[in-house]
Amino acid sequence: MSTTTSSSTKSADPATTSPSEPRPSNFVRDTVLEDLKTKKYGDAVIQTRFPPEPNGYLHIGHAKSICLNFGLADEFGGKTNLRFDDTNPEKEEQEYVDSIMQDVRWLGFEWDGLFYASDYFDQLYQWAVKLIQDGKAYVDDLSAEEIRKHRGTLTEPGQDSPHRNRSAAENLDLFERMRQGEFPDGSRVLRAKIDMASPNLNLRDPVMYRILRAEHHRTGDKWCIYPMYDYAHGQSDSIEHVTHSICTLEFEDHRPLYNWFIQQLGIFPSQQMEFDRLSLTYTLLSKRKLLTLVQEKRVTGWNDPRMPTLSGIRRRGYTPEAIRNFCAAIGVSKTNGTLELAMLEHFVREDLNKRAPRVMAVLRPLKVVIDNYPEGQVDEVDAVNNPEDESAGKRKVPFSKVLYIEHDDFREDPPKQYYRLSPGREVRLRYGYFITARSVIKNDQGEVVEVHCTYDPATRGGNAPDGRKVKSTIHWVSAAHAIDAEVRIYDKLFARQDPNQVEEGQEFTANLNPASLEVITNAKLEPSLANAPIEARYQFERLGYFCVDPDSEPGHLVFNRTVALKDTWAKIEKKSGS
RNA sequence: UGGGCCGUCGACUAAUGGUAGGUCAAGUGCCUUUGGAGCACUUUGUCUAGGUUCGAAUCCUAGCGGCCCAGCCA
């Protein structure tokens, strides 16, 4: 992929501390550049952070954020922390923490600091006490529902809680007793005292702490009160001296609150900036909904190869490079849009094309017998491992009298522009010989089950000495040498471009693509694949990119199709069909 | 209809008052022992209307359209 040329890279920029590749311009990077130039943070390097909540697995949308945050720090010699936003013990688990760390590293990034919002619970508590002392926070006894009623609506101001003007002493006492566990869950909250009439709902005395008796994955039962996101996040950023706190657009309305806490506390002024969340066609990127798919067993787990999670995509065969290139190419803006899935697929193909060894595999075997080929003779033909990479070398592939070819590669009655095998037609068997179809054998249903051909011994390797050309080259596997494999063909998980678009009363699961997985149990592979290791990626010539699934066992290989090759014939067929 | 944000080819994104460019997709041709890859070419765009300016995608005004916010989720 070539990087977009941008004006910001035309001239050497003194703020750029690394001589790295020109990077695509975006408004976040521009701001960093500007802040560095004006020395907004003195001589300090920029500090970013990736702050996932450990309540699910990371997905491709997170990859965009990871690449942005780590990428900025890399480019400008800054640092990036991994910080778990673990303020809601009811939804968070160690399993998610572990998977997140694994996925970030797999993507190719290493954090500078590893932190948890829960590391700061004591500090956060002390700051809350300070806000109470300053008359900026109060304990409210209203129920959740009463608070909601008092909040007003989008168009009407809220009303003050009757407890809004308690004395600092009383608030201090109550808050301390909240922490001590004197009150039942949900009976009281600590609220910031801001403005119940603010047009920004986030400023209508937001809740800072709630009482929640839940086992926290790190602090256990030490606390029975937990800070809310708005109170925890900005302060965590500030503690870590995060200079650029990059989050998604839906937090734009929270920025005034983010700033309010920092200002009241007089602590390090981290700056929040918001960019657009990634959306992809035919894809859902909502941890809540992905969780639903897992819980309802619509998929086999978070790492089902159809899932847009990093672990799913990894198992599907995507490379970290492909994802990083994708993230660099899609850019960062404030526009809410939806990217075509084709864009993502392009970047896997691009990467795999360069690195994946080619191999021959037949997914839907059709038996071919070469009548004039000597019985029992085996011919080891040379095959190129990767035409894109000469250093990948060559291998031998056994050729013999009985072969399998792809069922699609033979048509008894070939349509226009179909160049593959058909009665009387000569084609090339890749790296093998030219063969001509002579007759077919059909089963009781009238389906072709065997094609008898003749071959031209002079065409060994694939070229005719007399210079005659052939329109098409097809792949094959020697029947006697083939190894059997299971191949899982994946398609879009959702049938609708926008999986959230549902008929009245329906769930998003109604949009699930019933054909998202097709399992082929009798695929035939060339023997070189016998010892293919888990996660190894190949191009099955003319078919697509495939990788070895962890479900594989000795003697039973399982492949996942990562993505199909672009298929010109399919286009022609579709066009003439419609 | 309170507040916030956003409108550039079909999609994503650049242009920072001075040539509307790139990537994907689509199409055409070349090439090809993968109908792959590669190469070349092509199509299509500044939401609308006013204004400022020598000059506006960019600044101003007004419309129109979209997204977000009324969790003791993040």
Side-chain angles (χ1 to χ4, degrees), chain A residues 1-8 24-27 30 51-53 55 85 87-88 90-91 140 142-144 147-149 151-158 185-191 198-204 207-212 226 228-230 232-233 247-256 274 276 281 287-288 329-347 349-350 353-354 358 360 383-384 387-388 417-420 428-432 461-463 470-475 539-544 564-572:
Chain A
M1 177 209 73
S2 64
T3 315
T4 310
T5 312
S6 67
S7 65
S8 58
S25 168
N26 67 61
F27 78 98
D30 290 347
E53 181 189 11
N55 67 341
D85 229 328
T87 56
N88 184 2
E90 289 188 315
K91 292 184 175 171
D140 198 346
L142 256 29
S143 70
I147 286 180
R148 175 158 43 81
K149 281 181 182 153
R151 188 152 29 227
T153 68
L154 293 178
T155 52
E156 301 158 25
D185 284 10
S187 60
R188 283 181 164 83
V189 292
L190 182 72
R191 291 230 254 171
S198 172
N200 180 344
L201 269 43
N202 294 118
L203 263 20
R204 318 242 264 227
V207 172
M208 294 167 60
Y209 274 92
R210 74 280 211 185
I211 303 173
L212 197 60
Y226 290 95
M228 300 287 290
Y229 165 86
D230 284 306
H233 197 97
C247 63
T248 44
L249 254 23
E250 68 270 26
F251 292 101
E252 231 154 4
D253 286 344
H254 295 241
R255 186 168 4 112
E274 310 86 11
D276 60 330
T281 53
K287 276 198 270 184
R288 203 201 96 230
I330 62 177
V332 176
S333 75
K334 291 174 85 81
T335 320
N336 250 317
T338 304
L339 227 75
E340 289 171 354
L341 225 208
M343 183 76 112
L344 212 211
E345 294 184 335
H346 163 78
F347 283 96
R349 286 198 190 96
E350 181 187 63
N353 175 51
K354 284 180 292 193
R358 316 287 131 125
M360 290 196 284
V384 172
E388 303 291 321
Q417 297 183 78
Y418 182 90
Y419 305 138
R420 283 113 94 151
R428 174 189 296 111
L429 290 177
R430 178 141 238 226
Y431 302 126
N463 284 305
V470 104
K471 269 274 202 182
S472 145
T473 300
I474 65 177
H475 60 278
Q539 183 194 103
F540 288 0
E541 293 222 27
R542 303 208 305 130
L543 297 175
L565 250 26
K566 284 210 242 172
D567 191 345
T568 305
W569 167 244
K571 268 182 205 169
I572 295 169

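To find a chain, count down the sequence lines: A is the first, B the second, and so on, and within it residues start at 1.
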Rounded to the nearest angstrom, tell me the gap between atom [atom1] in [X] and atom [atom2] in [N].
X: A:His254; N: B:rC69; atom1: NE2; atom2: P; answer: 8 Å
X: A:Arg148; N: B:rC69; atom1: CZ; atom2: C1'; answer: 15 Å
X: A:Arg151; N: B:rC69; atom1: CZ; atom2: C1'; answer: 11 Å
X: A:Leu565; N: B:rG38; atom1: CG; atom2: C1'; answer: 13 Å
X: A:Phe347; N: B:rA37; atom1: CZ; atom2: C1'; answer: 16 Å
X: A:Met343; N: B:rG10; atom1: CE; atom2: P; answer: 15 Å
X: A:Leu154; N: B:rC68; atom1: CG; atom2: P; answer: 13 Å

Think [X] has a side-chain N or O under 4.0 angstrom from the OP1 or OP2 of [N]?
X: A:Thr473; N: B:rU34; result: no
X: A:Arg430; N: B:rU32; result: no
X: A:Lys334; N: B:rG4; result: no
X: A:Thr87; N: B:rA74; result: yes

Establish whether the base of [N] is bridged to the side chain of [X] by a donor-acceptor pair shorter than 3.5 Å.
X: A:Asp253; N: B:rG3; answer: yes
X: A:Arg420; N: B:rG35; answer: yes
X: A:Glu340; N: B:rG10; answer: yes
X: A:Glu388; N: B:rG36; answer: yes

Classify [X] by what it touches in the nucleic acid, base, sugar-phosphate, or nothing, heavy-atom distance under 4.0 Å.
X: A:Ala342; answer: sugar-phosphate
X: A:Pro157; answer: nothing
X: A:Val207; answer: sugar-phosphate
X: A:Tyr418; answer: base
X: A:Gln417; answer: base
X: A:Thr281; answer: nothing
X: A:Asn463; answer: base
X: A:Gly337; answer: sugar-phosphate
X: A:Ile474; answer: nothing
X: A:Leu142; answer: base
X: A:Leu344; answer: nothing
X: A:Lys287; answer: nothing
X: A:Asn55; answer: nothing
X: A:Arg188; answer: nothing

Is it true that A:Glu252 and A:Lys334 have a side-chain N and a carboxylate O under 4.0 angstrom from each other?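 Salt bridge present between A:Glu252 and A:Lys334.
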Side-chain ion pair, A:Glu53 and A:Lys91, N-O less than 4.0 Å: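 No salt bridge links A:Glu53 with A:Lys91.
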From the set [options], return the single nucleotide nearest to any side-chain atom of [X].
X: A:Thr335; options: B:rG35, B:rU8, B:rG3; answer: B:rU8
X: A:Glu250; options: B:rA70, B:rC68, B:rG35; answer: B:rC68
X: A:Asn353; options: B:rG36, B:rG35, B:rA74; answer: B:rG36
X: A:Asp276; options: B:rA74, B:rU13, B:rA26; answer: B:rU13
X: A:Leu339; options: B:rA74, B:rC12, B:rG35; answer: B:rC12
X: A:His346; options: B:rA74, B:rC12, B:rA25; answer: B:rA25
X: A:Thr155; options: B:rC72, B:rU1, B:rC73; answer: B:rU1

Residues in side chain to side chain donor-acceptor pair (under 3.5 Å) with A:His254, at least two apart?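 Listed in chain order: A:Asp230.
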Quote, to the nearest angstrom, the [atom1] distance that separates [N] from [M].
N: B:rU58; M: B:rG51; atom1: C1'; result: 15 Å
N: B:rG10; M: B:rC5; atom1: C1'; result: 25 Å
N: B:rC67; M: B:rC72; atom1: C1'; result: 27 Å
N: B:rC12; M: B:rC6; atom1: C1'; result: 15 Å

Assuming nearest nucleotide by heavy-atom distance, tell me which of A:Asn200 and A:Lys566 is located more 5' along RNA chain B. A:Asn200
Taking for each residue the nucleotide of RNA chain B with the nearest heavy atom, is it A:Arg349 or A:Glu541 whose nucleotide lies nearer the 5' end?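 It is A:Arg349 whose nearest nucleotide is closer to the 5' end.
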Decide yes or no for A:Pro256 and A:Asn202: does some side-chain heavy atom of the first lie under 4.5 Å from some side-chain heavy atom of the second?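 Sidechains of A:Asn202 and A:Pro256: no contact.
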Output one line per pair: protein atom, nucleotide atom from nucleotides 64-67 of chain B, and distance, for all N/O pairs under 3.5 Å.
from: B:rC67; atom 1: O2'; to: A:Asn336; atom 2: ND2; distance (Å): 3.0

Once Watson-Crick and G-U wobble pairs under 3.5 Å are found, how is RNA chain B written in dot-bracket notation, 5' to 3', with | for any base paired to another strand? .((((((..((((....[..)))).(((((.......)))))....(((((..]....))))))))))).....
